[in-house]
Trainee: 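Okay, handing you the structure first.
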Amino acid sequence: MMKRSEIRENVFRLVFCGDFHSREELPVQVDRYFEEVALPDEEIGFSKFSEEEQAFIADRFDQVKERVPELDTKINEVAKGWKTDRMGKAELAILRLAVYEMLYDEAIPVKVAINEAVELAKKYGGEDASAFVNGILAKLA
C-alpha cells in the first residue's frame, strides 16, 4: 500500500505530463503512465499500483485538470510578477495540485498540502522552487 505522499507524487507527475498533451490524448497517456511507471520498492524492486490506488490517482488527476482555469486564476491572484504562463511547468503542476487540495479536499489539512507541495518542489523544481511554491501557497492559506 502506497503512502499518501507517494500517491500525491504520482498525481503530480500526471498533472505535469498533462500540460504536454491535448485533452483527447490524456486518457491514453494516463493508461500508459500506469503501464510504464513503477515506484521503487526495496524488497521486490518495484511495485505496481493497486486498483484502488490507480483509480484514486486517475480520478484526482481528472479533478485537477477539470479545474485548471479556476486553479490558475487563484494562483495568478497572489503570484505578483509571476503569472502561470511564465512559471516553470513543474512548479505550476505542484501549485495546481496543492491549490486543488487546499480548496477541495477536506481530508487534507492546508498545512499538509503546503508542506507536501514544498517537498515536491525540492525534488522536482528548480533551485528556488520550494521557496517560490511556499510563498504562493502561504498567500492562499
Trainee: Less than 3.5 Å apart, any donor N or O on the side chain of E91 or Y124 sitting next to an acceptor on the other?
Mentor: no

Trainee: Would you please test F34 and I57 for side-chain contact (heavy atoms from CB on, under 4.5 Å) and show each step?
Mentor: CA-CA 10 Å; F34 289 119; I57 291 166; 3.7 Å; yes

Trainee: Any side-chain to backbone donor/acceptor pair from R60 onto F12? Under 3.5 Å, distance only.
Mentor: no

Trainee: Side-chain contact test, heavy atoms from C-beta onward, threshold under 4.5 Å: evaluate it for K122 versus V118 and give yes or no.
Mentor: yes

Trainee: Is the backbone of S130 close enough, under 3.5 Å, to the side chain of N134 for a donor and an acceptor to pair up by distance?
Mentor: no

Trainee: Considering non-hydrogen atoms only, spot the tightest contact between A107 and R4 and give its length.
Mentor: O-NH1, 3.9 Å

Trainee: Which heavy atom in A121 sits nearest to a heavy atom in V133, and how many Å separate them?
Mentor: CB-CG2, 3.9 Å

Trainee: Under the salt bridge (Lys or Arg N to Asp or Glu O under 4.0 Å) rule, collect the residues that match up with E116, sequence neighbours excluded.
Mentor: R8

Trainee: For Y104, what residues pass the ring-ring contact (aromatic ring centres under 6.0 Å, His included) criterion, not counting sequence neighbours?
Mentor: Y100

Trainee: How close do A117 and I94 get, heavy atom to heavy atom, and via which atoms?
Mentor: O-CG2, 3.4 Å

Trainee: If you apply the rule side-chain contact (heavy atoms from CB on, under 4.5 Å), what do you find for K65 with D19, and how did you get there?
Mentor: CA-CA 9 Å; K65 288 307 285 181; D19 272 353; 3.4 Å; yes

Trainee: With a 4.5 Å cut-off on side-chain heavy atoms, are R13 and E9 touching?
Mentor: yes

Trainee: For I108, is there any backbone N or O sitting under 3.5 Å from a side-chain donor or acceptor partner on E101?
Mentor: no

